[in-house]
Amino acid sequence: MRILQLHSDFIEYKPIKKEIAMAEKAEEKMHKFEDIVVLFVAVEEGDNDAVAKKAIEEIKQSLDKLKAKRVLIYPYAHLSSNLAKPADALNVIKAMEKYAKANGLEAYRTPFGWNKQFTISIKGHPLAEQSRTFLPTEAKAEKAEEEKVSEAVKAEEKLKSTWYILQPNGKMMPVEEFDFAKHENLGKFARYEISKVRAVQQMPPHVPLMKRLEIADHEPGSDPGNFRWYPKGRLIKSLLEQYVTEEVVKYGAMEVETPVMYDFQHPSLADYLNRFPARQYLLKSEDKELFLRFAACFGQFLIMHDTQFSYRQLPLRVYELTRYSFRREKSGELAGFRRLRAFTMPDCHAFCADVKQAKKEFVTRFKLSMRVLEGIGIGKDDYELGLRFTKDFYQKNKTFLTSLVKLLKKPVLVEMWTERFFYYILKWEFNFVDNQNKASALSTDQLDVENAKRYDITYVDAKGKKRNPLILHCSPSGAIERVVYALLEKAYMDQQKGKAPMLPLWLAPVQVRVVPLSDKFQKNAEKIAQEIEKNNIRVDVDDRVLTMQKKVREAETEWINYIIVVGQKEIDSGILPVRDRKMGKIRPMKLETLVEEIKEETKGKPFKPLPLPKLLSNRPQFYG
RNA sequence: GCCUCGGUGGCCUAGCCCGGUUAGGGCAUCACCUUGGUAAGGUGGUGGUCGCGGGUUCGAAUCCCGCCCGAGGCUCCA
């Protein structure tokens, strides 16, 4: 049994919806209790009457110290991942109520089996918040692997935020007063963030696409949310990784590499972990407890802790492409490439002397992120800005915040916190809105005022004094997997609009396919392919024994950008009929012209050769 | 984690409600025929622990229980 004990000034709750068939009877109206100790209770497998009794006895002792005698028993499943069956849980909960009354407490109970809405105000004293675990027998006690309810989770329960729309002209209005008619996606994003709209019952389109296009698939031999990447997918991912890294290095970052696992007991890390509401993958190695990183922060901060630097060198930028970062998301929230347990995250930290410098750097990185997404093929019409800050920061920095919105040239969603609960005072993300009207963050940056101290990172200022820098946390593209998700979802949207779905040319696994009209022309086709290949273009030859029509059809379903059929006419004339996917027609052109066009379109982007045998007859089929 | 729906050769799927021949079809794959002018040429063959484990039954893809995996919803999203 797990109990979160909160001494509150008041709690209000309202039963909304029955979660299970055996839910108790309840009145669907607001209930309010004042000056009461709320017991959020999760009944676990094996809990029984004795556990209920023991729990109440211990709580009674604690309440005596608080001079409190009113309790509200509130069934709360989310404290445990090892819940008892509902019927057993209800019995235990009822037993608790019985024992509480027997112990002279004034006991109340919220209905079991309901989805409830609640508001709680917690008293400020040191003993107001306590968490407890009770196990069925003492023998099992040492197995109690306390799933810590982190400070961040508790903080979020108290978090109060208000929502606004901030326009490029600096005008900020409450979100409900804004007219979304001309800003459909922003409206979808706002609704998703604030009220969590119900999505249509449908598989996300990128999931079947990533399989059919042989990009990636679930790996059943691993943990959920871990993917296998086929050659075409690996090429796409690898090009994206290379591109983002090149752009961040151009911006001035120093690339490093740090471990994927860390000591749970390291003091800075343990403290930091407590600031994150997510769960980690844990591993035991001999007597050490390790966790897998969920971002590059750890490694980079530990490096910077041991690094000597002065104010003259600031801002200092450190970068790593984490392959992988791990977050043990709850199984029910995993969704294709949108949300994974292992993902590739470019993560760039900038260490700044003061707020003024941090703000300037923040703008540089905002522009960098826009540029990176643009280069990938995700323009500013494809995402919406979420801008989040504390009220205090807003009052001192209105002009600065508006300047970010001006860069984007469209209204943005604002979340304002009355107090600072996280380690940052300012944060933004670019959110992609997909075919299910769900929003997912791509690029993001944060202004961190807490971790330099926690990790004891210092620079020497002009007077020779040690100071903690401010730290910016930026991912200029967001997780690479999520970029692939956005590209595929975007292609699907195009298809819905009647346009041919496709990937940006520089990311297409096969850019040109040469189709010999019959096997008589195969040598000619291979020769043309060789000429194209010399120019760093990914080209293959469909030498299979199939009709030309069928080969064209397959090339189209593979989203190949240019298809060239080669027969006698082409050999005689030297003019190639190029089937252009983007323009949707066949364009007669010379080989050199096509090569020039492709080189121009892919200029400045990384290149990698074809990741598969050049002849289709030599190629295995990974899926379907 | 909870609730709902699903899992049948490499892929998509019929059959399941109402238990009973050799589990049917399409795509892919292999062989042969076809050598073509821009989105599916023809014929034949190979290929199956019906997600896994247990139960009910003379008999289970089909009914019951447990588990695993996927999707959707809730929750969560640093």
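Letters A, B, ... mirror the listed sequences (proteins, then strands); counts begin at 1. Everything numeric in this text was worked out from a predicted model, so none of it was measured.
A salt bridge links A/Asp540 with A/Arg513: the distance from a Lys NZ or Arg NE/NH1/NH2 to an Asp or Glu carboxylate oxygen falls below 4.0 Å. Using a cut-off of 4.0 Å between Lys/Arg side-chain N and Asp/Glu carboxylate O, A/Arg293 and A/Glu320 are scored as salt-bridged. Remark: A/Arg544 engages A/Glu554 in a salt bridge, criterion side-chain N to carboxylate O under 4.0 Å.
One C1' atom belongs to B/rG47, the other to B/rA23, and the distance between them is 14 Å to the nearest Å. For the C1' atoms, the distance from B/rU43 to B/rU4 is 46 Å, rounded to whole Å. For the C1' atoms, the distance from B/rG51 to B/rU62 is 16 Å, rounded to whole Å. Between the C1' atoms of B/rU57 and B/rG48, the separation comes to 25 Å (whole Å). For the P atom pair drawn from B/rC67 and B/rG1, the interatomic distance equals 11 Å after rounding to whole Å. Atom P of B/rG15 sits at a distance of 24 Å from the matching atom of B/rG72, rounded to the whole Å. Comparing the C1' positions of B/rU22 and B/rU34 gives an interatomic distance of 34 Å, to the nearest angstrom. Spacing between B/rC5 and B/rC63 at atom P, rounded to whole Å, works out to 13 Å.
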Reading nucleotides 39-51 of chain B 5' to 3', which nucleotides get B (base under 4.0 Å from a protein heavy atom), which S (sugar-phosphate only), which -? BBB----------
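No contact: A/His473 has no heavy atom under 4.0 Å from any strand. Among the atoms of the strands shown, base atoms are found under 4.0 Å from some heavy atom of A/Arg339. When heavy atoms are screened at a 4.0 angstrom cut-off, A/Lys427 is found touching the sugar-phosphate backbone but no base atom. Across all strands, A/Glu570 comes closer than 4.0 Å to base atoms (heavy-atom distances). Here A/Glu214 lies out of heavy-atom contact (under 4.0 Å) with every strand. Using a 4.0 Å heavy-atom distance criterion, A/Lys520 is classed as a sugar-phosphate-only contact.
Here the nucleotide nearest the side chain of A/Ala335, chosen from B/rU75, B/rC77, B/rG72, is B/rG72. The side chain of A/Lys438 lies closest to B/rG72, out of B/rC77, B/rG72, B/rU38. The nucleotide whose nearest atom lies closest to any side-chain atom of A/Pro224 is, among B/rU38, B/rC76, B/rG70, B/rG70.
Residue order along RNA chain B, read from the 5' end via each residue's closest nucleotide, puts A/His218 first among A/Arg388 and A/His218.
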Would you be so kind as to tabulate the donor-acceptor pairs closer than 3.5 Å made by side chains of residues 469-477 of chain A, with sequence neighbours excluded?
{"unit_1": "A/His473", "atom_1": "ND1", "unit_2": "A/His349", "atom_2": "NE2", "d": "3.2"}
{"unit_1": "A/His473", "atom_1": "NE2", "unit_2": "A/Asp448", "atom_2": "OD2", "d": "2.8"}
{"unit_1": "A/Ser475", "atom_1": "OG", "unit_2": "A/Pro346", "atom_2": "O", "d": "2.6"}
{"unit_1": "A/Ser475", "atom_1": "OG", "unit_2": "A/Gly478", "atom_2": "N", "d": "3.2"}

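A/Asn431 and A/Glu384 share no side-chain donor-acceptor pair at under 3.5 Å.
Nucleotide B/rA31: paired with B/rU43 (Watson-Crick or G-U wobble, both distances less than 3.5 Å). Remark: B/rG1 base-pairs with B/rC74. Criterion, Watson-Crick or G-U wobble with two distances under 3.5 Å. Nucleotide B/rG6: paired with B/rC69 (Watson-Crick or G-U wobble, both distances less than 3.5 Å). In this structure B/rG59 sits in no base pair that meets the Watson-Crick or G-U test at under 3.5 Å.
Under the rule for a side chain to side chain donor-acceptor pair (under 3.5 Å), A/Asp347 has no partner lying at least two apart in sequence or in another chain. For A/Glu12, the side-chain contact (heavy atoms from CB on, under 4.5 Å) criterion is met by A/Phe10, A/Met30, A/Lys32, A/Thr119, not counting sequence neighbours. Here A/Pro501 pairs with A/Ala491, A/Gln495, A/Trp559, A/Arg581 under the side-chain contact (heavy atoms from CB on, under 4.5 Å) rule; sequence neighbours left out. By the side-chain contact (heavy atoms from CB on, under 4.5 Å) test, A/Asn561 pairs with A/Met502, A/Leu505, A/Ala508, sequence neighbours left out.
If you take CZ of A/Arg228 and C1' of B/rC69, they are 13 Å apart, rounded to a whole angstrom.
Proximity of A/Tyr623 to the phosphate of B/rC12: a side-chain N or O atom is located under 4.0 Å from OP1 or OP2.
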